[in-house]
Amino acid sequence: MKGWNRLVWGLVEQIPAGRVMGYGHVAAALGHPGRARQVGWALAALPRDTTVPWQRVIRSSGSLAFQGTPERAMLQRARLQAEGVEFQGDGVDMARYGWLPGDG
DNA sequence: CTGGTGACGTCTT
DNA sequence: GAAGACGCCACCA
């Protein structure tokens, strides 16, 4: 268990269902603004059977990641929609579904 | 230590 | 709005 992974996973697990966070927001919330890539790296290290709700972490712009890997992108979208998140095109309205620690 | 890589973000054309 | 360049830095070979 690496420090970064633990930090990232711990925060992602706190995101309520039906809400989303941007990679950059996660990094900033952990005290590391500008390190969105490391957040992505930490999530990439998750096992397939993880209980961490990684689908709730999307790009800061609201669009989904995994543009190069449609399989997980569709899974992510399906899971979010199942939680009540509405999609507009390929993205989500961050102003509506965005979440930050303490907002819960 | 060196170099390549990447589930990103921001700035510049 | 779209595409390209650059920065960021943990991880792996």
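In what follows, every chain begins at residue 1, and chains take the letters A, B, ... in the order their sequences are listed. Treat the numbers as computed from the prediction; the structure is a model and nothing was measured.
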> In whole angstroms, how far is the P atom of C/dC9 from the CG atom of A/N5?
Replying inline: 17 Å

> To the nearest angstrom, how far is A/Q76 atom CD from B/dC8 atom C1'?
Replying inline: 13 Å

> Just how far, in rounded Å, is P of B/dG6 from CZ of A/R59?
Replying inline: 14 Å

>> Given A/R19, which partner from the list A/V92, A/D103, A/V85 fulfils the side-chain contact (heavy atoms from CB on, under 4.5 Å) test?
In response: A/D103

>> Rounding to an integer number of Å, can you tell me how far A/L46 CG sits from B/dA7 C1'?
In response: 10 Å

> Would you say the side-chain atoms of A/Y97 pair up with the backbone N or O of A/M21, donor to acceptor, closer than 3.5 Å?
Replying inline: no

> A/E71 has an atom CD; how far is it from atom C1' of B/dA7, in whole Å?
Replying inline: 15 Å

> Are OP1 or OP2 of C/dC9 and a side-chain N or O of A/R35 less than 4.0 angstrom apart?
Replying inline: yes

> Taking atom C1' of B/dC8 as reference, at what distance in whole Å does atom CD1 of A/I58 sit?
Replying inline: 13 Å

> Are side-chain heavy atoms of A/I58 and A/S63 found at a separation under 4.5 Å?
Replying inline: no

> So what does A/R37 touch, heavy atoms closer than 4.0 Å: a base, only the sugar-phosphate, or nothing?
Replying inline: base

> Just how far, in rounded Å, is P of B/dG9 from CH2 of A/W41?
Replying inline: 18 Å

> Between the side chain of A/W9 and the main-chain N/O of A/A42, is any donor-acceptor distance below 3.5 Å?
Replying inline: yes

>> Rounded to whole Å, how long is the line connecting atom CZ of A/R79 with atom P of B/dA7?
In response: 18 Å

